[in-house]
Amino acid sequence: MSCPVGNFNGDSQNGEHLGSEAGMLYAEYLMLDKVLSAQRMLSSESKRPVHDEHLFIITHQAYELWFKQIIYELDSIRNLFLTENIEESRTLEILKRLNRIVLILKLLVDQVPILETMTPLDFMDFRNFLSPASGFQSLQFRLMENKLGVKTEHRVKYNQKYTHVFGTDSNAVDLIVQSETEPSLCDLIQKWLERTPGLELDGFNFWGKFRECVEKLLQEQEDSANKEVYESVKNYRLMDIEKRREVYNSIFDPTAHEALVSRGERRFTYKALQGAIMITFYRDEPRFNQPHQLLVLLMDIDSLITKWRYNHVIMVQRMIGSQQFGTGGSSGYQYLRSTLSDRYKVFLDLFNLSTFLIPRDIIPPLTSEMQKSLNMGWGLSKTTQEN
């Protein structure tokens, strides 16, 4: 069996030992002497070593290694977005790396049941050795959230006080502050969506056409409802249409949109939301297919992190119950449960796009000029295209 870093058995094809002149060995390349000796069981220093402490340490070290890889991918994706003209080859690379993050998160979700092979009594045998250590002190998870775009104001109150946890580690605090001030993936995605071709008022003007289609649709439904014979049915249908009109007005009225953003019910800028809706409508068009895949992967990331949080919450409740405090001073299960709300969804607006869909047959058809412009790079101005 061959390996990019050398033969697994340390032997050459003719059975002779590979000397140092043949290149670095597998264990040397992976620095396994450090990795495999990094499991320090505190219970082993007592009179009663606890077998399951080893599983607890291995599992959480594996989490941290995968967090490191996710951060590595996130940083590279953010760098790829730091340009106004994103070519197709660059989009493909972004999709590949986002998909890699999705697969890693799926692995992390599936890793929780391994910890659940440990019983609450098994955990209690070594839990006191952990105090005051806590998963809340995972610097990498905090950085990952910040780099994705979780804002401090959207966090639950306890989760905002990172200085209480990392206060003695100036390097950790500096990294957190940096991750909060630099553009997050969500920030960059919004800038990218704002450049969606077809939003230009002097061009295809998708938003204007979309609004006209919605008004026509609602008017036709209202006319149909007014012909209803039964008054109770008529009133019900008219009330339903009015509610839908209010929902659509929340995206057509910039002031209403900003009010929802200020309440934390929306995240995207007004124009970024327009871009996301346009991509969703025209996802079958070749030029919008990759952008739509990108939006789906972003929702997958949000969904999987939520699933991981949920699995973690259930496991914690099973291990320590609902009333006990966490090892790091939080309220344990109660605190973790509060992180399952929409406030921690970075791409919340993408989940709500279905609210604003209209039937396929009334989606404004793309003009020939718009079809032509879609062959250009994403974000290029009309003047640049013409030159």
Side-chain angles (χ1 to χ4, degrees), residues 81 86 91 94-95 98-99 102 148-151 154 184-199 204-218 240-241 243-307 341-366 370 374 378:
F81 268 112
I86 300 180
T91 307
I94 290 172
L95 287 174
L98 284 174
N99 187 59
V102 166
L148 281 169
V150 176
K151 301 295 184 184
H154 294 150
S184 68
L185 179 60
C186 186
D187 295 330
L188 296 169
I189 288 292
Q190 290 181 70
K191 295 294 183 184
W192 171 73
L193 286 171
E194 289 172 355
R195 302 195 299 272
T196 301
L199 295 181
F204 181 66
N205 187 18
F206 162 73
W207 203 240
K209 288 181 170 63
F210 173 42
R211 185 167 189 171
E212 290 176 4
C213 289
V214 169
E215 290 173 350
K216 181 180 179 182
L217 174 65
L218 293 176
D240 182 61
I241 293 168
K243 287 181 179 178
R244 292 180 61 196
R245 181 174 277 113
E246 290 176 6
V247 169
Y248 281 111
N249 284 341
S250 74
I251 60 171
F252 292 134
D253 182 357
T255 304
H257 173 79
E258 290 304 321
L260 290 169
V261 171
S262 65
R263 295 203 299 266
E265 296 178 33
R266 283 191 192 155
R267 305 280 194 271
F268 283 2
T269 64
Y270 188 56
K271 194 168 184 180
L273 182 63
Q274 294 177 18
I277 292 175
M278 184 174 184
I279 291 170
T280 301
F281 279 2
Y282 299 103
R283 57 189 171 186
D284 294 332
E285 294 289 334
R287 191 65 183 86
F288 285 110
N289 184 258
Q290 286 184 11
H292 180 256
Q293 290 181 53
L294 195 154
L295 298 185
V296 171
L297 287 171
L298 293 175
M299 285 190 285
D300 287 343
I301 289 173
D302 250 345
S303 296
L304 286 164
I305 291 178
T306 301
K307 287 180 181 179
S341 65
D342 279 351
R343 67 198 301 166
Y344 279 85
K345 275 198 180 82
V346 177
F347 302 102
L348 177 64
D349 300 80
L350 298 181
F351 288 87
N352 293 327
L353 290 182
S354 298
T355 309
F356 313 112
L357 294 182
I358 56 176
R360 284 179 183 269
D361 58 348
I362 65 170
I363 293 176
L366 298 178
M370 180 62 194
L374 287 177
W378 192 281

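Computed from heavy atoms alone, side chains included, the values below leave out hydrogens, waters and symmetry copies. As the structure is a computational prediction, the values presented were derived from the model and not from experiment.
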Of the options Val296, Thr280, Ile279, which is the one that meets Pro291 in a side-chain contact (heavy atoms from CB on, under 4.5 Å)? Ile279

For the side chain of Arg244 and the backbone of Asp240, is there at least one donor-acceptor N/O pair under 3.5 Å apart? no

Indicate yes or no: at least one non-hydrogen side-chain atom of Ser250 is less than 4.5 angstrom from one of Arg266. yes

Between Tyr270 and His257, what is the ring plane arrangement, given parallel below 30°, perpendicular above 60°, and tilted in between? tilted

Side-chain touch Met278/Phe288, heavy atoms, less than 4.5 angstrom: yes

Between Asp187 and Lys151, does any NZ, NE, NH1 or NH2 come within less than 4.0 Å of an OD or OE carboxylate oxygen? yes

Quick one: does Asp302's side chain get under 4.5 Å of Leu148's, heavy atoms only? no

Under the rule for side chain to side chain contact (heavy atoms under 4.5 Å, CB included), what residues qualify as partners of Asp253, not counting sequence neighbours? Thr255, Ala256

Strictly below 4.0 Å, N to O, side chains only: are Arg263 and Glu265 in salt-bridge contact? yes

Assess whether atom NZ of Lys209 is packed by more than 12 heavy atoms of other residues, nucleotides or ligands within 6.0 Å. yes

Answer whether the closest heavy-atom distance between the side chains of Glu285 and Leu366 falls below 4.5 Å. yes

What verdict does the side-chain hydrogen bond (donor to acceptor under 3.5 Å, both in side chains) test give for Ser303 and Asp300, after you've listed the backbone C-alpha separation in whole Å, the side-chain angles of each residue and the deciding distance to 0.1 Å? CA-CA 5 Å; Ser303 296; Asp300 287 343; 5.3 Å; no

Glu194/Thr269 under side-chain hydrogen bond (donor to acceptor under 3.5 Å, both in side chains): CA gap, chis, key distance, verdict: CA-CA 8 Å; Glu194 289 172 355; Thr269 64; 2.7 Å; yes

Would Lys345 and Phe351 count as a cation-pi pair here, with the cationic atom under 6.0 angstrom from the ring centre and within 45° of the axis? yes

Does Asn289 use its side chain to pair, donor to acceptor, with the backbone of Pro286 at less than 3.5 Å? no

Heavy-atom distance under 4.5 Å between the side chains of Leu199 and Phe204, does that happen here? no

Carefully, step by step, assess Phe281 and Phe210 under the rule ring-ring contact (aromatic ring centres under 6.0 Å, His included). CA-CA 10 Å; Phe281 279 2; Phe210 173 42; 5.1 Å; yes

Ion pair check, Arg211 and Glu215, cut-off under 4.0 Å: yes

